[in-house]
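Read through the structure below, which is laid out as structure tokens, and then see the notes.
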2 protein chains.
Amino acid sequence: MLGSFIASRGLKHSRQRDAIVETFFEMGGHVPIEELVARVRQRDGHISVATVYRTMKLLAECGLALPRQFGDGQTRYEPASVDAHHHDHLICTGCGAIVEFENEDIEALQLRVARSHGFEVESHKLELYGRCAGCRAGAGAEGSP
Amino acid sequence: MLGSFIASRGLKHSRQRDAIVETFFEMGGHVPIEELVARVRQRDGHISVATVYRTMKLLAECGLALPRQFGDGQTRYEPASVDAHHHDHLICTGCGAIVEFENEDIEALQLRVARSHGFEVESHKLELYGRCAGCRAGAGAEGSP
DNA sequence: GTGATATTGAGAATCACAATCAACATGACC
DNA sequence: GGTCATGTTGATTGTGATTCTCAATATCAC
């Protein structure tokens, strides 16, 4: 994984790198840099933001993390298992929850539509924004938080 | 349209505002601010970028323009006719062409998927990235531009 | 016209992120 | 274990898109 990537590129290990990578994978999914920085610092004193950006870029390059841009202007990363399928996202406009889903039918339709316009799809991005069950239940008359 | 919106909010007319709005609608679709600024200046001397940003935001607020964020880090606006259907986008990674499409089946599937996760969809974003017919034809051995 | 108020423009501010560069850490080799 | 070439770090600066600030100016109602 990262070790071999590091080795094969003549890169080196470092305390910071390890801390960032471990923290990232502990956190699970859709982690914004800012939050990652905070967590990493909790566990390993001061680590520069620059280092976190650099490390996440590395992880992305070696295929262990995927950068995602939702509408909020900051890049989030999610862990990429080698055998994971492509998936899309449901994003709650109430609480910010992010749910992943896969749907082959949608993907197939996308390919068909693209083809009908002469396009060959290389990648796509599908995000559904709405209110999750929890937010709808708890939001009788709250308005939008 | 804009006139009534301006009136109803106690806003005022201005030469710049008119120039920007007219230019925007002349240009058609998916206009990045920078380009709009250039065009507007061709026709009306110097107009500040700030004014263009402000005016487009106004247009968006009164529903006459839709802001779109594709992957390139700048906001584009497209005219929103009142009776226009929602549509999604095909974006050529070669020449940057942007094609609109509508597909009811995809939309229906999206709703269904969302519902199955307890979400009530408010909006969505679907972008397909790939190579358009032209780029594929002309790109025998070019690599990616 | 006059005056209250909205708008403009230039530049500064912001925000996420990338680049710079001197100080420092790592690992291969002895 | 020590040395050295080379990669990494962190503080700071740069960047690009967008927003804010504020004095000067334009607009509209009267």
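In what follows, every chain begins at residue 1, and chains take the letters A, B, ... in the order their sequences are listed. We use all heavy atoms of the structure for the numbers below, so side chains are in, but hydrogens, waters and symmetry mates are not.
- Centroid-to-centroid, the aromatic rings of B:H89 and B:F70 come within less than 6.0 Å.
- Rounded to an integer number of Å, the gap from B:R9 CZ to C:dT5 C1' is 16 Å.
- Between the CG atom of A:L11 and the P atom of C:dA25 there is a distance of 19 Å, given to the nearest Å.
- Note: NZ (B:K12) to P (D:dC30) measures 12 Å, nearest angstrom.
- Looking at residues two or more places apart in sequence or on another chain, you find no salt bridge (Lys or Arg N to Asp or Glu O under 4.0 Å) involving B:R112.
- Within a 6.0 Å sphere centred on CZ of B:R39, other residues, nucleotides and ligands contribute 12 heavy atoms or fewer.
- Within a 6.0 Å sphere centred on CD of A:E61, heavy atoms belonging to other residues, nucleotides or ligands number more than 12.
- Considering every non-hydrogen atom in both A:E100 and B:H117, the closest pair reads O-CE1, 4.1 Å.
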*What string of B, S and - do you get for nucleotides 8-17 of chain C, 5' to 3', if B is base contact, S is sugar-phosphate-only contact and - is no contact with any protein heavy atom under 4.0 Å?*
BBB-----SB

